[in-house]
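In the text below, chain A, chain B and the rest are named by the order of the sequence lines, each starting its count at 1. The basis for the numbers below is simple: all heavy atoms, side chains too, and nothing from hydrogens, waters or symmetry mates.
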Amino acid sequence: MRLLKTLVFVVALLPAAKLVLASFAIAGLSLGANPVEELLHEAGEWGLRFLLITLAVTPLRRLTGMNWLIRFRRMLGLFAYFYLVAHFLIYALLDQRLALGPIIEDIIERPYITLGITALTLLTPLALTSTNAMMRRLGSRWQRLHRLIYPAAILGVWHFWWQVKEDIREPLIYAAILAALLGIRVWHRQKGQNRRVATPVD
Amino acid sequence: MPNNSTPKILPSEITDEQDYLNRREFLRLAGVATAGALLSTACQADVSNAAATAGKPAGESNFSGGSLGKLQKSPFSTDEKPNSYEDITTYNNFYEFGTGKDDPHRNSKDFVSKPWTVTIAGECDKPGAYDFDDLMKKSTLEERIYRLRCVEAWSMIVPWVGISMATLLKRFEPNSRAKFVKFTTLHDPEQMPTQRRRILDWPYVEGLTIAEAMNPLTIMVVGVYGKVLPNQNGAPLRLMVPWKYGFKSIKSIVHIEFTEKQPLNTWQISAPQEYGFYANVNPDVDHPRWSQARERRIGTGLFGEKIPTLMFNGYGEHIAHLYSGLDLAKHF
């Protein structure tokens with residue numbers, strides 16, 4: 001298990017490694033004519049991908065009975081946060097060069113940026129409370145708090161959707177996967193409730 | 001918000017000032033010869049001038065990347081350093097070949113831009129089908145190093161090779177009802193893969209007022225960096241109006257029509273709240289989803305700072321008069 005965890009960790013870092021190499025034009029890699037935009041988009045998309053992968057763990061576990069999958073969930077969630085923070089930092093440091101005025105204007109006046117920053121804000125307490133100690137301390141509240149990943153994921157995909165110009169194929173794919181992952185949960189919950197109603201004394 | 005009201009255009013604006021003055025000169029000299037004879041010699045002079053400056057007719061080297069020979073320099077060129085040929089030919093918005101910036105150069109390799117026919121229609125005395133090579137043989141090729149500002153807030157400096165749009169259009173003898181010029185891109189889903197999906201209302205259409213089209217800054221581009229225009233940049237001929245956002249400068253043109261009414265351009269059809277007919281570069285009028293105050297200059301790398309966007313992309317002295325009295329916030 002430890003070996004597998006290390007392997008997943010390394011694989012999850014590969015996109016970041018590739019972007020770093022491309023940033024310095026190492027190994028024939030390149031970010032193209034508009035490197036800031038390329039970095040920004042890549043980090044954002046990887047963040048969304050890891051968010052969806054994290055959300056896929058529980059349904060997959062229920063479907064296959066492979067309960068050990070749960071052990072990867074926290075790490076995958078933290079990778080989502082890692083890529084989304086990188087996305088934000090690329091925006092703030094490289095794209096806007098810390099120009100506070102334009103950043104604040106963007107957050108207030110551009111709805112898709114408002115959505116994105118809200119999603120990242122919602123995810124921040126989840127990253128901070130991801131330690132074992134915090135889990136113990138929060139008890140049952142921990143689970144309730146971590147349901148914030150659902151609105152964060154919805155806002156994140158929405159942010160992506162509103163940002164594209166006309167070709168919505170890609171955000172549509174993300175939205176469809178997210179809808180499926182959330183749909184499975186609703187379905188599972190209702191099934192659970194029905195069972196409880198049908199057999200009150202089990 | 002369709003921008004239906006248009007500035008009143010005087011018939012005199014159809015002829016640019018230089019030609020207007022030349023005509024007076026002709027008339028002054030007409031005491032010794034007939035105007036007709038003078039006009040024909042003037043045309044011949046134009047042709048020999050083209051041959052002298054362009055080295056050889058553009059049509060003879062019409063393959064992607066082929067040299068266009070010697071080019072006339074232009075006072076309209078900026079002295080800013082042009083972007084690299086690689087940047088100009090790998091970072092493109094040409095949705096017909098894909099919506100990613102690197103899609104056009106990857107998906108347009110087999111595009112056939114020769115032979116090419118342009119049909120001329122509408123309010124003019126010489127409509128018809130014109131062969132691209134024939135049109136080029138009679139033209140003076142000029143290098144115009146222009147700023148290109150995309151509506152997406154990035155910009156480049158591009159050494160275009162083109163011909164004066166006014167000179168080209170006058171050949172078709174537009175009449176006094178010609179208030180606008182409508183340009184249409186090729187519609188060929190076999191060659192242009194994105195046209196098989198309806199992400200835009202194909203074929204791509206753009207339009208200018210006749211005064212905008214006849215302005216000396218407006219050119220029909222046939223090359224870049226002294227070479228035949230690559231497919232991903234709109235081969236074999238595309239519009240370039242440097243004071244407007246890039247999407248106005250329509251590529252791979254097959255049809256030109258002189259119209260009395262303002263044509264509806266593709267992006268305006270697609271998202272009228274975001275894209276208008278004029279699309280003049282304007283740092284004070286934001287796109288509904290992003291700021292237009294600053295732009296990222298391509299080629300400045302990871303740590304390049306955004307630069308302030310200039311009103312009319314810095315070409316105001318030549319064209320601002322076209323919009324006097326027009327509310328630019330409303331007619332974006």
How about the chain B/chain A donor-acceptor pairs under 3.5 Å, what are they, with distances?
from     : atom 1 : to       : atom 2 : distance (Å)
B:Tyr91  : OH     : A:Asn34  : ND2    : 2.8
B:Tyr91  : OH     : A:Glu37  : OE1    : 2.8
B:Tyr91  : OH     : A:Glu37  : OE2    : 3.4
B:Thr99  : OG1    : A:Asp167 : OD2    : 2.6
B:Glu152 : OE2    : A:Lys165 : NZ     : 3.1
B:Arg197 : NH1    : A:Asp167 : OD1    : 3.3
B:Arg197 : NH2    : A:Asp167 : OD2    : 3.4
B:Ser270 : OG     : A:Glu166 : OE1    : 3.2
B:Ser270 : OG     : A:Glu166 : OE2    : 2.9
B:Asp286 : OD2    : A:Arg110 : NH2    : 3.3
B:Arg289 : NH1    : A:Trp162 : O      : 2.5
B:Arg289 : NH1    : A:Val164 : O      : 2.9
B:Arg294 : NH2    : A:Gln96  : OE1    : 2.6
B:Arg296 : NH2    : A:Leu94  : O      : 3.3
B:Arg296 : NH2    : A:Asp95  : O      : 3.2
B:Arg296 : NH2    : A:Asp95  : OD1    : 3.3
B:Phe303 : O      : A:Arg97  : NH1    : 2.4
B:Glu305 : OE1    : A:Arg97  : NH2    : 3.3
B:Lys306 : NZ     : A:Asp95  : OD2    : 3.3

Below 4.5 Å from any heavy atom of chain B, which atoms of A:Ile113 appear? Answer side chain, backbone, both or neither.
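When you check distances to chain B, no heavy atom of A:Ile113 falls under 4.5 Å.
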Distance (rounded to the nearest 0.5 Å) between A:Ile168 CD1 and B:Ile199 CD1
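A:Ile168 atom CD1 to B:Ile199 atom CD1 measures 10.0 Å (nearest 0.5 Å).
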Measure across B:Gly301 and A:Pro35 and return the closest heavy-atom pair with its distance rounded to 0.1 Å.
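Result for this residue pair: C-CG, 3.7 Å.
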Need one label for B:Ile88: side chain, backbone, both or neither, based on atoms under 4.5 Å from any heavy atom in chain A.
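Looking at B:Ile88, nothing touches chain A.
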